Chemist: 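Quick one: this structure, given as structure tokens, is what I'll be asking you about.
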Amino acid sequence: MSIATPEKETKGGIVDLDVYTPVDEPLTKTTEHRGILRWLTTVDHKLIGVMYLWFAAFSAVAGGALAGLIRSQLAFPNGIGGKPLMTPEVYNQFIGMHASFMLFGLVIPAFAGFGNYVIPILIGARDMAFPKMNAFAFWILVPSALLLLCSFFFGSTGAGWTAYAPLATKTYSPNIGVDMWIFAVHLAGISSILGAINFIVTISNMRAPGMKWFRMPLFCWATLVTAWLQLVGTPVLAGVLTMLLTDRILDTGFFNPAKGGDPLLYQHLFWFYSHPAVYIMMVPGFGMVSHVMQTFSGRQIFGYKGMVYATAFIGIVGFLVWGHHMFSAGMEPWLRAYFGFMTMIIAVPTGVKIFSWLATLWGGSIRFTTAMMFALGFIALFTIGGISGVFLANVPFDVQVHDTYFVVAHFHYVMFGGAVMTILSALYYWFPKMSGRYLSERIGKVVFWLIFLGMNCTFMPMHWLGIAGMARRIYTYRPEFHSLNLFISFGYLLMLAGGILLFANLFYTLIAKRRTVPNDAWGGNEIQNTLEWMTTSPPPPHNFDRVPKIVPLAYESAHH
Amino acid sequence: MAKKDIKILVGLWVLALVLSALTAWVYEISYNPAVDTHGPDSIVHPITQWISLPASTVAERVRSETTWTIFIIFPFLYGPILTLLYIMTRFSKNRQPTPAPVRENLKLEVAWTTIPALVLIAMAVPAYDVLRYIEAKPTHPDQVVNVTGAQFYWQYELPRYGVVTTDNGGTPTINKETGRAVEEDSWLHLPLHKSVLLNGQSFQVNHAWWVPAFGVKFDVIPGRINTAWFDTKKKGYFKGQCAELCGALHAYMLINVVVEEEKDFYQWVLRKGGTIPAEEEAKVVSLLGADYREKYGPKEAEKPSAPAAAAEPAAAPKAAEAK
């Protein structure tokens with residue numbers, strides 16, 4: 001499979017692994033440490049990638065457990081047997097922490113993990129451009145998570161993950177846990193920025209000979225766009241949280257109107273980062289499912305360049321729409337209209353992506369592996385999330401449902417139905433490459449259906465709750481919402497069962513199964529032609545024995 | 001792509017259009033004009049919302065604009081999902097053992113870029129129209145209400161009458177004899193068929209005043225005065241809630257608004273110890289009679305009670321006790 005023959009070159013285009021000089025040494029020497037020390041000292045992008053993924057798994061457990069606590073409170077708002085489950089203060093901390101773990105702990109690190117593992121291989125490099133910085137970017141996440149966990153015991157942010165001033169200022173949130181939370185996000189931000197620099201330099205400079213920009217697989221494009229978003233956006237978050245911190249500690253009054261500050265400034269700066277962050281948490285997933293769909297439909301992606309341009313367009317316009325989180329906050333009338341229209345515009349490239357995926361699948365020969373089922377499920381769920389997003393761009397409608405469960409439903413369809421589904425799809429897809437073992441397909445399908453059904457049971461009724469008038473971030477609600485909330489909590493249990501099954505299968509596979517996976521784990525890579533399937537599973541530390549050279553694909557030469 | 005497949009694809013999208021029209025229709029008929037004047041017993045009924053009971057022109061316009069949005073946007077919800085379901089059955093490995101090679105199709109790509117863009121314009125234009133209506137605040141409103149959000153209650157001031165009242169939120173207690181809520185007088189009362197301008201302010205943290213049936217949600221933020229307006233088109237008891245996380249008891253910051261006939265409204269104003277301005281004197285006399293002050297005004301002993309309660313923010317919210 002790995003070596004090209006001349007006929008294949010003319011037929012489908014192929015990577016020639018044989019023409020360049022052999023490389024005996026990996027770019028950076030991995031030392032001979034064994035066991036735990038090997039992980040602690042490694043600068044190998046693959047091991048770092050795997051650690052990122054374990055970190056994400058840990059955060060998923062933490063965030064998922066918090067979701068369970070939130071759902072139990074909402075299932076029994078009056079407590080069980082007259083005994084309340086938690087105080088409102090604790091509940092407010094739970095919702096803030098749930099979001100912090102899921103966003104900063106699960107989604108961003110999981111994408112960083114897959115990117116770290118796969119990107120250098122996809123572009124034919126031996127490692128990331130800055131391997132030591134790569135290790136640093138990962139390890140700085142550990143204190144971040146520890147701070148986040150510990151902040152619980154010191155009364156963490158009761159102002160939600162958005163930590164709006166003035167609620168998050170010293171007067172109304174005096175606990176030191178909020179400061180710890182700010183530092184935790186700072187550290188995660190440093191990790192993000194360093195990782196972004198590394199990806200940009202790696203993808204720009206370390207592509208194998210012949211790997212031109214428009215021959216890069218889509219995941220590389222997606223990661224490149226994401227890295228730029230992180231590089232431009234994250235410093236703004238760091239800035240606004242620093243201002244919040246100095247407001248808290250030094251009483252600088254940036255957000256205190258009595259001292260000439262403005263609480264609205266916090267929202268503008270926060271969303272200037274946090275709206276692009278939505279795409280940071282979504283775009284890599286677009287790239288990953290494109291790979292999965294190509295492999296299991298046996299077709300190359302339809303409209304490759306359109307996909308690349310759509311991704312870049314989403315990235316750029318993503319910076320111009322932050323105000324749609326603040327439609328009710330009070331701003332210039334024309335500004336409301338501007339942010340609404342800009343947000344609608346994003347629906348166009350997003351639609352291009354969905355249509356391109358459907359056109360890719362149309363005429364294919366679909367193999368229903370677990371990875372593919374997650375990818376197909378992603379299309380359906382992300383479409384729902386995208387459509388509710390268009391509704392939210394519609395300002396008069398948005399004002400009605402802003403800060404209600406409709407918004408909660410929308411962003412869970414995007415973050416769970418979008419990001420997490422792509423992460424699970426990629427997990428099933430690349431796990432054999434990373435570990436040399438296949439996850440059980442039979443159990444995988446059960447996991448898929450539990451999560452897919454549970455997800456819909458949980459988040460679909462929230463649309464109605466929001467329209468019917470249930471505000472978000474409330475610890476108890478009007479009695480008429482009780483039955484739907486009970487149903488939603490039941491949906492959570494389905495997802496929980498799916499999650500437990502997935503982890504059990506993951507550990508069982510790692511411990512009990514042997515490495516049997518061939519280079520091309522899923523077969524049929526001659527269609528998609530990506531490099532990760534042309535090296536061993538798992539790959540050697542230096543990825544390829546010889547530097548690959550990429551020659552044009554047949555369809556490429558026909559059109560240029 | 002076989003001709004038959006193309007026909008089916010077109011059929012699926014036509015089906016998507018039909019389903020969208022159906023959804024928009026179901027949404028439209030969920031409007032229930034029979035629920036017009038629901039009395040105090042409706043306190044236990046669902047939160048008065050803008051779909052089944054829009055009670056202002058703003059809410060009505062948002063509602064009909066939403067019907068239009070559902071009609072033109074939902075094809076892009078049903079279309080992809082129906083197509084996906086068809087793909088999953090038609091192009092499985094069993095039924096299609098060898099995949100067809102991908103051919104570029106620029107026309108198709110241009111079509112699925114421009115058509116959604118045009119549809120979005122068709123959505124944006126009426127949305128902009130409604131937005132302009134929302135922004136067109138009356139320069140001479142019939143009623144002005146100064147809304148103050150506080151942790152964790154709402155305070156309303158009707159400057160024209162000098163009435164100040166504090167809505168402590170929480171679930172109302174029903175007086176079994178009268179069937180009315182004990183707290184009713186502390187809620188915001190508004191006269192029917194009038195335009196209302198709300199000036200929102202806060203001195204502590206952000207809140208958002210939200211009554212779905214009025215189509216109004218606006219944040220009250222320290223250091224600025226946000227405004228919103230609506231007109232009262234239906235009589236009844238309307239519920240709302242604080243819609244911006246404001247601290248521990250955020251969930252208990254409920255809102256109750258009573259929209260009533262003008263004469264009932266003036267009675268409430270008088271009960272709260274308000275004064276009738278000279279230019280409204282004649283109207284009040286014609287509605288309530290010349291001796292309205294003696295008939296409906298607060299008895300001497302009670303007189304200061306309402307303003308006093310309002311001036312004393314520490315008056316422990318009922319919600320705090322509930323905790």
Side-chain angles (χ1 to χ4, degrees), chain A residues 88-89 92 159-160 164 166-167 172 257 262-264 297-300 302-303 306 328-330 333 336-337 340-341 344 347-348 351-352 354-355 358 361-367 376 379-380 383-384 387 390-391 394-397 399-400 402-403 467-469 471 473-476 478 480 559, chain B residues 1 46-47 49-51 62 65-66 69 73 76-77 80-81 83-84 87-88 91-93 96-100 102 104 108-109 112-113 116-117 120 123-124 127-128 130-131 134-135 204-206 208 212 215 217-219 221-224 226 241-251 323:
Chain A
E89 288 87 352
N92 286 353
Y164 274 7
L167 185 56
Y172 303 101
D262 186 358
L264 210 55
S297 69
R299 276 164 62 96
Q300 279 160 352
F302 182 95
S328 73
R336 279 218 280 198
F341 294 157
M344 289 177 201
V348 175
V352 167
I354 286 174
F355 293 134
L358 290 175
L361 299 172
W362 189 281
S365 165
I366 296 173
R367 288 182 282 162
L376 296 173
I379 295 184
T383 303
I384 298 172
I387 292 294
V390 173
F391 274 80
N394 191 330
V395 183
F397 180 86
V399 170
Q400 277 295 41
H402 174 78
D403 255 315
I467 290 174
R473 291 168 163 168
I474 51 175
Y475 130 104
T476 182
R478 294 184 190 268
E480 54 264 31
H559 286 274
Chain B
M1 190 153 44
I47 182 165
Q49 41 127 321
W50 52 289
I51 289 178
V62 174
E65 201 258 333
T66 305
T69 308
I73 296 296
F76 298 98
L77 172 68
I81 289 176
T83 311
L84 183 66
I87 286 171
M88 285 165 67
F91 297 106
S92 64
K93 183 109 183 150
Q96 176 100 348
T98 44
V102 167
E104 287 200 7
L108 190 61
E109 288 191 66
W112 71 39
T113 310
L120 284 171
M123 180 185 100
Y128 182 64
V130 177
L131 183 60
I134 292 174
E135 299 283 7
Q204 303 164 322
V205 301
N206 302 352
K217 180 185 285 144
F218 72 119
D219 292 9
I221 295 177
R224 61 175 58 221
N226 281 340
Q241 168 149 29
C242 176
E244 180 68 65
L245 180 60
C246 57
L249 299 183
H250 168 53
K323 176 192 146 208

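As the structure is a computational prediction, the values presented were derived from the model and not from experiment. By convention in this document, chain letters (A, B, ...) are assigned in the order of the sequence lines, proteins followed by strands, and residues within each chain are numbered from 1.
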Chemist: What's the shortest heavy-atom distance between B/Leu249 and A/Pro88, and which atoms?
Modeler: CD2-CG, 4.0 Å
Chemist: Keeping the roles fixed (side chain from B/Lys217, backbone from A/His402), state whether a donor-acceptor pair exists under 3.5 Å.
Modeler: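 Judged by distance alone, yes, a pair lies under 3.5 Å.
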Chemist: For a quick test of reading the model, state the closest non-hydrogen atom pair linking B/Asn206 to B/Cys246 and the distance between them.
Modeler: O-CB, 3.4 Å
Chemist: Is a side-chain N or O of A/Asp262 found less than 3.5 angstrom from the main chain of B/Gly223, in a donor-acceptor match?
Modeler: no
Chemist: If I compare all heavy atoms of B/Pro222 with all of B/Gln204, which pair ends up nearest, and what's the gap?
Modeler: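 Taking every non-hydrogen atom into account, CG-O, 3.2 Å.
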Chemist: Which one of B/Ile134, B/Val205, B/Thr66 has the most heavy-atom pairs closer than 4.5 Å to chain A?
Modeler: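 Of the candidates given, the most pairs with chain A belong to B/Val205.
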Chemist: Please determine, among B/Leu120, B/Val62, B/Leu245, the option with the most heavy-atom pairs under 4.5 Å with chain A.
Modeler: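 Highest number of pairs under 4.5 Å: B/Leu245.
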Chemist: Taking atom CD1 of A/Ile387 and atom CD1 of B/Ile81, what is their separation to the nearest 0.5 Å?
Modeler: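 CD1 of B/Ile81 is found 8.5 Å from CD1 of A/Ile387.
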Chemist: Under 4.5 Å heavy-atom distance to chain A, tell me which part of B/Pro97 shows up: side chain, backbone, both or neither.
Modeler: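 Only the backbone of B/Pro97 comes within 4.5 Å of chain A.
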Chemist: Need one label for A/Phe302: side chain, backbone, both or neither, based on atoms under 4.5 Å from any heavy atom in chain B.
Modeler: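 For A/Phe302, backbone and side chain are both near chain B.
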Chemist: Under 4.5 Å from any heavy atom of chain A, what part of B/Glu135 do you find: side chain, backbone, both or neither?
Modeler: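 Contact with chain A is through the side chain of B/Glu135 alone.
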Chemist: Is B/Ala117 close to chain A through its backbone or its side chain, or both, or neither, when contacts mean heavy atoms under 4.5 Å?
Modeler: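 For B/Ala117, the contact with chain A is made by backbone and side chain together.
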Chemist: For B/Asn226, which atoms come within 4.5 Å of any heavy atom of chain A: side chain, backbone, both, or neither?
Modeler: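 Just the side chain, heavy atoms under 4.5 Å.
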Chemist: Side chain, backbone, both or neither: which part of B/Thr69 has a heavy atom under 4.5 Å from chain A?
Modeler: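 Interface part for B/Thr69: both.
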Chemist: Counting N and O atoms only, with roles assigned by atom type, does the side chain of B/Lys93 sit under 3.5 Å from a partner on the main chain of A/Ser365, one being a donor and the other an acceptor?
Modeler: no
Chemist: With a 4.5 angstrom heavy-atom cut-off, is it the side chain or the backbone of A/Ile384 that approaches chain B, or both, or neither?
Modeler: both
Chemist: Under a 4.5 Å cutoff for heavy-atom pairs, which residue among A/Pro263, A/Gly298, A/Ala329, A/Pro257 has the most contacts with chain B?
Modeler: A/Ala329
Chemist: What part of B/Ile221 gets closer than 4.5 Å to chain A, counting heavy atoms only: side chain, backbone, both or neither?
Modeler: side chain
Chemist: Considering only heavy atoms, which portion of A/Phe355 lies under 4.5 Å from any heavy atom of chain B: side chain, backbone, both, or neither?
Modeler: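 Both parts, backbone and side chain.
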Chemist: I'd like to verify something: which residue of A/Ile379, A/Val348, A/Ile354, A/Leu358 has the highest number of heavy-atom pairs under 4.5 Å with chain B?
Modeler: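 Highest number of pairs under 4.5 Å: A/Leu358.
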Chemist: If you compare all heavy atoms of B/Arg224 against all heavy atoms of A/Gly330, which two are closest, and at what distance to 0.1 Å?
Modeler: NH1-O, 3.9 Å
Chemist: Less than 4.5 Å to any heavy atom of chain A: does that hold for the side chain of B/Ile73, its backbone, both, or neither?
Modeler: both
Chemist: Could you go through the side chain to side chain contact (heavy atoms under 4.5 Å, CB included) check for A/Val390 and B/Met123 one step at a time?
Modeler: CA-CA 10 Å; A/Val390 173; B/Met123 180 185 100; 3.7 Å; yes
Chemist: Would you call the rings of B/Phe91 and A/Trp362 parallel, tilted or perpendicular, where under 30° means parallel and over 60° means perpendicular?
Modeler: tilted
Chemist: What option among A/Asn394, A/Leu361, A/Asp403 has the most heavy-atom pairs under 4.5 Å with chain B?
Modeler: A/Asn394
Chemist: Identify which part of A/Phe341 has an atom lying under 4.5 Å from any heavy atom of chain B, answering side chain, backbone, both or neither.
Modeler: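 For A/Phe341, the contact with chain B is made by the side chain alone.
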Chemist: Check A/Arg473 against A/Gly160 and note the closest heavy-atom contact, atom names and distance.
Modeler: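 So the two residues come closest at NH2-CA, 4.0 Å.
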Chemist: Hey, which of A/Ser297, A/Gly340, A/Gly363, A/Ala471 has the most heavy atom pairs under 4.5 Å with chain B?
Modeler: A/Gly363
Chemist: Do you know which of B/Ser92, B/Ala208, B/Cys242, B/Pro116 has the most heavy-atom pairs under 4.5 Å to chain A?
Modeler: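 Of the candidates given, the most pairs with chain A belong to B/Ser92.
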